[in-house]
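Owing to the predicted nature of the structure, the values given are computational and were not obtained by experimental measurement. We count residues from 1, following the sequence as given.
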Amino acid sequence: MNFYDKLHRVMEDRNVEGYVGLLHENAEIIFHKSGSRFDKSEWASMVAGMMGNPKFVSDSSRCVYENDEILVAHNFMSYPDDTKEAVMLVCMLKDGQIIRMETGATPLG
């Protein structure tokens, strides 16, 4: 199974433990929209909150490109505050886990 399929499955199943298992111990997560940066434990806490909220929804997702070192995906997301965004996700991979993840989001009207 490729990495995109693993990531997509844990997101759809709202499997926090499975998602966190895809993160390298030294993972860094960067939101370009806000400039925020998170380490693995900070991001794991946020993911638990997101997945626990039924209004946090991936409306659609597709893999743009993937190899052993990088995953590029595009998602349409709905959030608890009733906003929607198009999100570009770029994950640098190391040893089959996310070592660096960056997102760029565009609000949808």
Side-chain angles (χ1 to χ4, degrees):
M1 175 182 302
N2 62 31
F3 194 86
Y4 171 80
D5 289 336
K6 291 177 189 176
L7 182 60
H8 186 68
R9 178 177 291 161
V10 296
M11 289 291 293
E12 282 198 337
D13 293 345
R14 296 181 181 269
N15 178 349
V16 175
E17 185 176 314
Y19 183 98
V20 173
L22 296 176
L23 300 173
H24 190 278
E25 194 58 38
N26 298 317
E28 179 181 30
I29 292 77
I30 302 161
F31 288 7
H32 283 276
K33 181 178 173 182
S34 65
S36 300
R37 294 174 178 264
F38 308 94
D39 65 19
K40 180 178 180 173
S41 64
E42 293 167 327
W43 183 238
S45 176
M46 290 181 66
V47 166
M50 289 185 292
M51 289 188 181
N53 189 324
K55 291 186 79 177
F56 177 81
V57 177
S58 175
D59 298 312
S60 68
S61 178
R62 69 183 177 92
C63 179
V64 176
Y65 181 80
E66 177 179 0
N67 66 26
D68 291 340
E69 297 176 355
I70 191 169
L71 165 66
V72 180
H74 188 263
N75 305 289
F76 289 102
M77 305 296 298
S78 295
Y79 300 103
D81 64 358
D82 295 322
T83 60
K84 293 181 182 250
E85 292 179 334
V87 179
M88 182 63 70
L89 174 72
V90 178
C91 299
M92 302 304 295
L93 306 174
K94 180 179 179 182
D95 302 325
Q97 294 179 304
I98 297 169
I99 186 74
R100 182 180 176 98
M101 179 170 66
E102 299 190 36
T103 65
T106 301
L108 301 173

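- With contacts defined as side-chain heavy-atom distances shorter than 4.5 Å, the pair Leu71/Met101 does not qualify.
- Scanning all heavy atoms of the two residues, the minimum distance from Pro80 to Lys55 falls at O-NZ, 3.4 Å.
- A donor-acceptor pair is defined here as one N or O able to donate and one able to accept, closer than 3.5 Å; such a pair exists between the side chain of Glu66 and the backbone of Tyr4.
- The hydrophobic cluster containing Ile99 also contains Val90, counting ILVMFWY residues as joined when their side-chain heavy atoms lie under 4.5 angstrom apart, directly or transitively.
- In this structure, the side chain of Arg100 does not engage the main chain of Asn26 through any donor-acceptor pair within 3.5 Å.
- The cluster map of Ile, Leu, Val, Met, Phe, Trp and Tyr, joined by side-chain heavy atoms under 4.5 Å apart, puts Tyr79 and Tyr19 in the same cluster.
- A continuous path of hydrophobic side-chain contacts links Leu89 to Met46 [ILVMFWY only; heavy atoms under 4.5 Å].
- Here the closest heavy-atom approach between residue Pro107 and residue Glu85 is recorded as CA-CG, 4.1 Å.
- No more than 12 heavy atoms of other residues, nucleotides or ligands lie within 6.0 Å of CG in Asp68, so this atom counts as exposed by the packing criterion.
- Here the shortest heavy-atom pairing between Ser58 and Asn75 reads OG-OD1, 4.3 Å.
- When every heavy atom of Lys84 is checked against every heavy atom of Ser78, the shortest pair comes out as NZ-OG, 3.1 Å.
- For the atom pair CG of Asn2 and CG of Leu7, the computed distance is 10.0 Å after rounding to the nearest 0.5 Å.
- The main-chain N or O of Asp39 is found under 3.5 Å from a side-chain atom of Glu42 such that the two form a donor-acceptor pair.
- Residues Ile29 and Phe56 fall within the same hydrophobic cluster, defined by Ile, Leu, Val, Met, Phe, Trp and Tyr side chains chained together at heavy-atom separations under 4.5 Å.
- Distance alone, capped at 3.5 Å, is enough to place a donor-acceptor pair between the Lys40 side chain and the Leu23 backbone.
- Leu93 is not connected to Ile30 by any chain of hydrophobic side-chain contacts under 4.5 Å among Ile, Leu, Val, Met, Phe, Trp and Tyr, and they are in different clusters.
- In terms of modelled atom types and a separation under 3.5 Å, the side chain of Arg14 and the main chain of Met51 share a donor-acceptor contact.
- Nearest approach of Val20 to Ala44, heavy atoms of both residues: CG2-CB, 3.6 Å.
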Exercise. Check the pair Gln97 / Leu22 against side-chain contact (heavy atoms from CB on, under 4.5 Å), numbers first and verdict last.
Key: CA-CA 5 Å; Gln97 294 179 304; Leu22 296 176; 5.8 Å; no
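- Considering every non-hydrogen atom in both Cys91 and Ile98, the closest pair reads SG-CD1, 3.9 Å.
- With rounding to the nearest 0.5 Å, the separation of OG1 in Thr106 from CZ in Phe76 is 9.5 Å.
- Classified by interplanar angle (parallel below 30°, tilted 30° to 60°, perpendicular above 60°), the ring pair Trp43/Phe31 is perpendicular.
- Going from atom CD of Glu69 over to atom CE of Met92 covers 6.5 Å, rounded to the nearest 0.5 Å.
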